[in-house]
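Step one of this worksheet: look at the structure below.
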Amino acid sequence: MTSQRIGRARQLTISASDDVDEFLFDQGLTDGLPVVPPTPARVERMLAQTRRDPLEEIGILPPNLAPLTVEKTAINAVMAGCKAEYFPTVLAGVEAIADDSYGLHGSGATTMGGAPVLIVNGPVRERIGINSAQNALGQGNRANATIGRAVRLVIRNVAGHRPGGTERATIGWPGKFTLCFGEWEERAPTWTPMHVERGFAAGDSVITAMTQSGGPTQLIDETSRTAKALAGSIGLKVAGQQHPRIPSMGELIVVISPEHYDTLAADGWTKDDVRRRIQQVAARPLRDLLESDQMGGFPKSALDSWPPFLPPLPIHNPDGSLRDDAMDVIMPKFGNDSMITIVVAGGGAGKFTSILDPLAGQVSVSKKIEDPV
Amino acid sequence: MTTASSALPNFALDDGTAQRRFPSGRSTLLCFVKEDCPTCRLSMPLIREMQDRYGEHVDVWAVGQDSEGNAVLIDEYGLSGPMLDDSALKVSFAYEIDTVPTLILTDGDGHEQRRFHGFGRDDFRDMTTELSRLSGLGVAAVNWDDYPEMMPGCGSKSMEPGIYERLKAEAEGSPIRARRIEVGQNEDVYELLYEQGVTDGLPVMPPTPERVVRMLEYTSRDPQEQIAVLPPNLAPVTIEKVAINAVLAGCKPEYFPVVLAATEAIADERFNVHGAIATTMGGAPVLIVNGPIREQIGLNSGQGALGQGFRANATIGRAVRLVIRNIGGHRPGGTERSTIGWPGKYTLCFAEAEERAPTWTPLHVERGFQPQDSVVTAVIQTAGPSQVIDQTSRTPEALGGSIGLKAAMARHAKLPAIGETVIIVSPEHYDTLARAGWTKDDLRRRIQEVGEKPLREWLADEESGGLAGATLQQFLHGKDLTEADLDRPIRKFREDAWLMIVVAGGGAGKWSGVMDAFGTGAGGTMAVSRKIETIAGVGA
Amino acid sequence: MTTENLVILDPTDEREPVRRELTQRPETISGTIALLDISKPRGDVFLNRLESLIAERLPGVATKRYMKPTVARPAPEDVKQAIRQEADFVIEALAD
């Protein structure tokens with residue numbers, strides 16, 4: 001087939017006697033699971049879904065510092081198993097992680113095991129079938145599964161992050177295969193959708209990439225009937241993220257199920273109200289957090305020297321020295337309410353809220369998704 | 001089948017002008033050859049000589065393994081006798097030919113009289129003597145000194161990888177019973193598999209008969225053996241069906257014994273896979289592997305053990321999930337009712353880093369197996385792992401305390417009586433605990449100690465949810481709450497033994513992981529461990 | 001051997017029939033329509049009527065008749081091949 005849109009990618013010829021599926025494993029191009037062979041015809045179909053030039057450079061991704069083109073994104077999207085109509089969402093997803101402020105290198109290289117969690121808002125969800133309802137964070141939906149994986153494969157195959165190489169996760173977590181879902185905006189009509197909170201128009205289709213380092217862990221609360229009590233439960237759970245006695249230095253995703261939303265919304269609570277309650281419940285005076293030889297916690301060493309790349313703590317004077325009343329200072333779990341991202345997703349039945357693990361110092365990025373061709 | 005008393009399989013093959021049927025009623029010499037084999041070429045003049053000299057009385061048939069090559073041999077060696085076309089390789093396969101040339105002499109009823117393979121000068125000489133005796137004709141005039149004493153044969157085409165498995169799948173007595181789906185010339189097999197609904201949303205490896213046969217080579221068990229019946233479909237789970245799903249998942253054949261053992265574990269009644277998958281909590285089997293098999297097949301227990309990038313980990317966990325989906329019939333939106341779900345529902349399988357934690361008892365030994373046994377343990381978890389950071393604790397009490405505080409957050413900070421919980425201790429955390437002489441049991445005790453609170457502190461109140469309703473009643477045994485009850489200490493985890501502590505992860509990083517439990521015990525689940533079959537000669 | 005179709009094995013419990021995606025429907029009709037009689041009674045009556053309606057309403061479109069030898073078995077490969085090569089559409093007189 002002659003190619004109109006294929007750009008510069010090197011073509012590998014696979015002999016008829018070779019097993020193409022095994023070949024792709026042997027080349028180290030997969031995450032350990034099978035991929036769809038990226039034939040020119042399949043890549044063409046992917047590229048036909050964008051107006052952008054296949055050779056357009058989206059970014060230079062560390063550690064390989066290789067230019068990421070639209071075409072290379074398409075090849076990895078094919079391998080991930082994407083349908084062609086997912087491609088604009090994948091493109092916006094890789095734009096987000098390629099953004100300088102996202103900090104892709106640190107997110108991949110940390111021993112904490114960072115991985116981009118992708119949350120999609122707007123009409124694209126329905127157009128391409130992104131699941132925001134039952135089992136939204138689980139398996140079984142092609143759009144969720146393959147869009148998240150396409151971004152991961154770009155990180156592996158173009159950026160060059162591989163476990164054992166520059167990817168240094170100690171334990172790792174299965175979200176590192178793929179984790180992408182939609183916010184169920186329509187099921188939470190009294191709440192502001194995430195993309196609108198982040199400055200987009202409600203009718204925009206937007207993807208947000210946020211580095212998380214583990215989870216989710218699930219909160220069960222089947223008995224609370226007031227917003228205050230339920231958000232209190234969520235706050236107690238959130239307080240345990242990373243370490244129950246260490247303030248979090250990263251952004252956090254809280255996925256609230258529809259039934260929990262109903263309880264919160266019935267009392268007129270907004271996302272901001274929930275954030276405030278989480279902060280209220282999770283905050284502790286420093287003296288209750290400090291580590292001892294009997295219990296881990298806020299490191300004593302941090303009292304005198306706080307790393308400058310992390311957000312400042314209220315226990316220090318402007319010159320960095322410890323305040324006299326530091327032990328009485330109420331330490332919030334998060335320096336800023338906006339570090340708590342709240343989205344509604346999940347099936348109609350089940351009183352659960354799921355919380356992911358933050359990663360210190362990472363910054364989430366949202367990108368608008370191109371309209372269909 | 002090659003004993004002198006039983007006849008060789010019948011066949012009919014074309015020689016270009018006529019169909020030759022075996023047995024023919026006459027003594028027959030079958031000469032299996034392929035064109036690109038130098039040893040066959042060395043033998044061809046002798047085969048032609050035997051055809052020319054004895055062909056009137058004995059059927060001397062060359063059996064060639066590819067049609068173009070056969071024409072070349074006929075042409076080059078001036079063959080006038082029959083050259084049978086076995087390019088379909090079915091006869092070569094049925095005769096278990098692994099080397100060419102192979103010469104087999106039979107009587108008129110197809111009973112084998114004599115066989116050799118490769119080139120042996122004496123073998124050929126004895127064969128011509130035998131043909132001379134059978135035909136009553138003189139011995140062929142061959143200058144034997146022109147031939148080397150011996151030359152090893154070449155591999156039969158029927159044994160080539162890919163071809164052998166296809167032949168086996170198609171042969172009589174094939175292990176394959178599953179419905180065959182033909183993929184049209186213009187159909188995209190990956191899309192077809194999506195359309196069948198047999199994937200978890202990610203691409204699968206097409207389960208061709210060749211690949212399934214290769215998978216089945218790694219068990220000694222009958223492919224049609226039914227190892228379980230899985231709900232909700234209550235369909236019989238045969239070894240063949242498990243093999244098909246293992247191919248789909250992307251498994252290498254050597255992973256198959258682990259997949260089989262894991263399937264048996266999840267199909268165990270105590271495991272209650274139906275309840276775990278159907279629950280809105282989102283249960284999924286987590287597989288933990290111990291013993292020598294880890295190294296034999298490359299299961300990762302080190303850096304990123306619970307993450308992506310390692311084929312054995314990724315595909316073994318996924319194979320079991322696909323068995324649940326495709327044979328059991330659980331699908332999200334159907335009987336699978338997870339409210340939120342979690343990515344461990346694609347796959348979650350890892351190995352314990354036993355060697356990295358030499359002073360601790362490995363999981364399988366704690367569960368009654370021998371250290372050298374290879375064992376897979378399946379346990380239902382409902383989310384996670386969520387990590388606990390502790391970079392500064394230097395005493396086991398402090399670090400164990402941190403892990404305990406984190407574990408105390410499971411489900412709800414104020415919900416006790418938690419079931420089986422997987423706790424992944426990283427090597428650096430292990431070092432801190434082991435340096436002080438702590439065992440897994442010491443860590444269990446510390447976790448329980450940290451998580452214990454008087455009943456009053458567990459109770460739901462207006463500030464937050466917590467212990468209430470039916471869960472509270474479990475602690476009151478049907479009686480009213482009294483002041484004395486309020487002081488009663490309540491532990492976070494019902495049984496110490498339900499804390500499943502395993503060491504895994506990379507050498508650097510002071511984080512451990514805690515997973516979310518499902519209900520354990522009656523009405524819930526129990527973890528099940530199964531020994532993994534090891535087959536001599538394959539696997540390692 | 002290269003022309004042989006790939007065969008895959010069914011991983012399910014086989015209670016559901018194999019699903020195939022339908023070919024995309026063209027927006028206009030042109031070329032040749034195959035009219036396939038599967039040898040059921042009165043299939044010819046139906047197809048005769050259809051043929052005249054097509055001639056009347058779609059004057060630029062040709063029709064061609066095909067027949068399965070028996071209703072009881074799938075169409076033989078040569079019939080399928082002929083339709084594939086000679087026609088752009090097929091209408092099958094399926095049931096009596």
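Order of the sequence lines fixes the chain letters, A, B, ..., with proteins taken first and strands second; residue numbering starts at 1 for each chain.
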**Message:** Pair B:Glu191, A:Arg45 - check salt bridge (Lys or Arg N to Asp or Glu O under 4.0 Å), show working.
**Reply:** CA-CA 14 Å; B:Glu191 293 298 329; A:Arg45 268 198 296 279; over 6 Å; no

**Prompt:** What do the steps show when you test B:Gln391 against A:His243 for side-chain contact (heavy atoms from CB on, under 4.5 Å), and what is the final call?
**Reply:** CA-CA 11 Å; B:Gln391 297 183 284; A:His243 191 297; over 6 Å; no

**Prompt:** Under the side-chain contact (heavy atoms from CB on, under 4.5 Å) criterion, do A:Asn135 and B:Arg337 qualify, and how do the steps go?
**Reply:** CA-CA 7 Å; A:Asn135 205 31; B:Arg337 309 299 299 175; over 6 Å; no

**Prompt:** What's the verdict on salt bridge (Lys or Arg N to Asp or Glu O under 4.0 Å) for A:Glu22 and B:Arg311, showing C-alpha distance, side-chain angles and the deciding distance?
**Reply:** CA-CA 11 Å; A:Glu22 291 292 339; B:Arg311 184 169 177 182; 2.9 Å; yes

**Request:** Just do the salt bridge (Lys or Arg N to Asp or Glu O under 4.0 Å) check on B:Glu462 and A:Arg225 with the steps written out, would you?
**Result:** CA-CA 9 Å; B:Glu462 64 177 26; A:Arg225 293 289 171 265; over 6 Å; no

**Message:** Between B:Lys510 and A:Thr111, is the side-chain contact (heavy atoms from CB on, under 4.5 Å) condition met? List the steps.
**Reply:** CA-CA 9 Å; B:Lys510 291 186 172 64; A:Thr111 51; over 6 Å; no

**Request:** Could you give me the CA-CA distance, side-chain angles and deciding distance for A:Arg245 and B:Leu405, then say whether side-chain contact (heavy atoms from CB on, under 4.5 Å) is met?
**Result:** CA-CA 9 Å; A:Arg245 306 214 303 180; B:Leu405 283 183; 3.8 Å; yes

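Among B:Ser512, B:Gly384, B:Pro206, B:Gly333, the residue with the largest count of heavy-atom pairs under 4.5 Å with chain A is B:Gly384. Counting heavy-atom pairs closer than 4.5 Å to chain A, the top residue among B:Glu428, B:Arg211, B:Glu160 is B:Arg211. With chain A as partner, the option from B:Cys251, B:Ala398, B:Gly317, B:Gly302 having the largest number of non-hydrogen pairs under 4.5 angstrom is B:Ala398. By number of non-hydrogen pairs under 4.5 angstrom with chain A, the leading residue of B:Ser426, B:Gly400, B:Ala508 is B:Ala508. For the set B:Ser393, B:Gly506, B:Gly304, the entry with the most heavy-atom pairs within less than 4.5 Å of chain A is B:Gly304.
The shortest heavy-atom contact between B:Asp200 and A:Ala145 is O-CB, 4.3 Å. Here the shortest heavy-atom pairing between B:Ile340 and A:Phe352 reads CD1-O, 3.7 Å. Of all the heavy atoms in B:Lys406 and A:Pro244, the pair that sits closest is N-CG, 3.9 Å. Of all non-hydrogen atoms in B:Pro385 and A:Asp357, the two that sit nearest each other are O-OD2, 4.2 Å. Across all their heavy atoms, B:Ala249 and A:Pro34 have their closest contact at O-CD, 3.2 Å. In terms of heavy atoms, B:Ala504 sits closest to A:Ile171 at O-CG1, 4.1 Å.
B:Val388 places none of its side-chain heavy atoms less than 4.5 Å from the side chain of A:Gln242. Here the side chains of B:Pro343 and A:Phe177 are not in contact, with every heavy-atom distance at 4.5 Å or above. Side-chain contact check for B:Pro332 versus A:Asn141: every heavy-atom pair is 4.5 Å or farther apart. Side-chain contact between B:Arg411 and A:Leu219: absent, with no pair of heavy atoms (C-beta onward) separated by less than 4.5 Å. Looking at B:Val450 and A:Met295, their side chains come closer than 4.5 Å, going by heavy atoms from C-beta outward. Taking 4.5 Å as the limit, some side-chain heavy atom of A:Arg152 sits within range of a side-chain heavy atom of B:Gln308. Annotation: side chain of A:Glu222 is not in contact with side chain of B:His412 (no heavy-atom distance under 4.5 Å).
A:Ala80 touches chain B through its backbone: at least one of N, CA, C or O sits under 4.5 Å from a heavy atom, while the side chain does not. The parts of A:Arg168 that come within reach of chain B are both its backbone and its side chain, each placing non-hydrogen atoms under 4.5 angstrom from that chain. Interface residue B:Tyr346: backbone and side-chain heavy atoms are both found under 4.5 Å from chain A. With a 4.5 angstrom heavy-atom cutoff, A:Gln241 touches chain B via backbone and side-chain atoms both. Proximity to chain B (any heavy atom under 4.5 Å) is restricted, for A:Ile246, to the side chain, taken from C-beta onward. In this structure, the portions of B:Ile424 lying under 4.5 Å from any heavy atom of chain A include both its backbone and its side chain. Neither the backbone nor the side chain of B:Phe350 has a heavy atom closer than 4.5 Å to any heavy atom of chain A. For chain A, no part of B:Ala312 is nearby; none of its heavy atoms comes within less than 4.5 Å. Of the two parts of A:Ala133, only the backbone, made up of N, CA, C and O, holds a non-hydrogen atom closer than 4.5 Å to a non-hydrogen atom of chain B. Of the atoms belonging to B:Asp461, it is backbone heavy atoms, and not side-chain ones, that fall under 4.5 Å from chain A. A:Val255 touches chain B through backbone and side chain together, each having a heavy atom under 4.5 Å away. Contact annotation for B:Leu248: only backbone heavy atoms (N, CA, C, O) come within less than 4.5 Å of a heavy atom of chain A. There is no contact between B:Thr471 and chain A, counting heavy-atom distances below 4.5 Å. Both the backbone and the side chain of A:Thr178 come within contact range of chain B, with heavy atoms under 4.5 Å apart. B:Ala413 touches chain A through its side chain: at least one heavy atom from C-beta onward sits under 4.5 Å away, while N, CA, C and O do not.
Rounding to the nearest 0.5 Å gives a distance of 7.0 Å between CZ of B:Arg214 and CG of A:Asp19. Put simply, OG1 on B:Thr199 and CZ on A:Arg142 are 7.5 Å apart, with the number rounded to the nearest 0.5 Å. Within the model, atoms OG of B:Ser464 and CD1 of A:Ile234 stand 11.0 Å from one another, a figure rounded to the nearest 0.5 Å. We find the CZ-OH distance between A:Arg42 and B:Tyr190 to be 6.0 Å, quoted to the nearest 0.5 Å.
Here the side chain of A:Gln218 pairs a donor or acceptor atom with the backbone of B:Met281 at under 3.5 angstrom. B:Trp342 places no side-chain N or O within 3.5 Å of a backbone atom of A:Ser354 that could act as its donor or acceptor partner. Not a single donor-acceptor pair under 3.5 Å links the side chain of A:Thr170 to the backbone N or O of B:Gly505. Side-chain N or O atoms of A:Ser233 include one that pairs as donor or acceptor with a backbone N or O of B:Gly465 at under 3.5 Å. The closest donor-acceptor contact from the side chain of A:Thr146 to the backbone of B:Leu202 lies at 3.5 Å or more, if one exists at all. Judged by distance alone, with hydrogens and angles left aside, the side-chain atoms of B:Gln387 form a donor-acceptor pair with the main-chain N or O of A:Ser213 at under 3.5 Å.
Side-chain contact check for A:Asp293 and B:Thr395: no donor-acceptor pair (N or O, by modelled atom type) lies under 3.5 Å.
Considering B:Arg325, B:Arg318, B:Glu336 in turn, B:Glu336 is the only one that fulfils the side-chain hydrogen bond (donor to acceptor under 3.5 Å, both in side chains) rule with A:Gln139.
For the pair A:Glu291 and B:Arg394, the salt-bridge criterion is not met [side-chain N within less than 4.0 Å of a carboxylate O].
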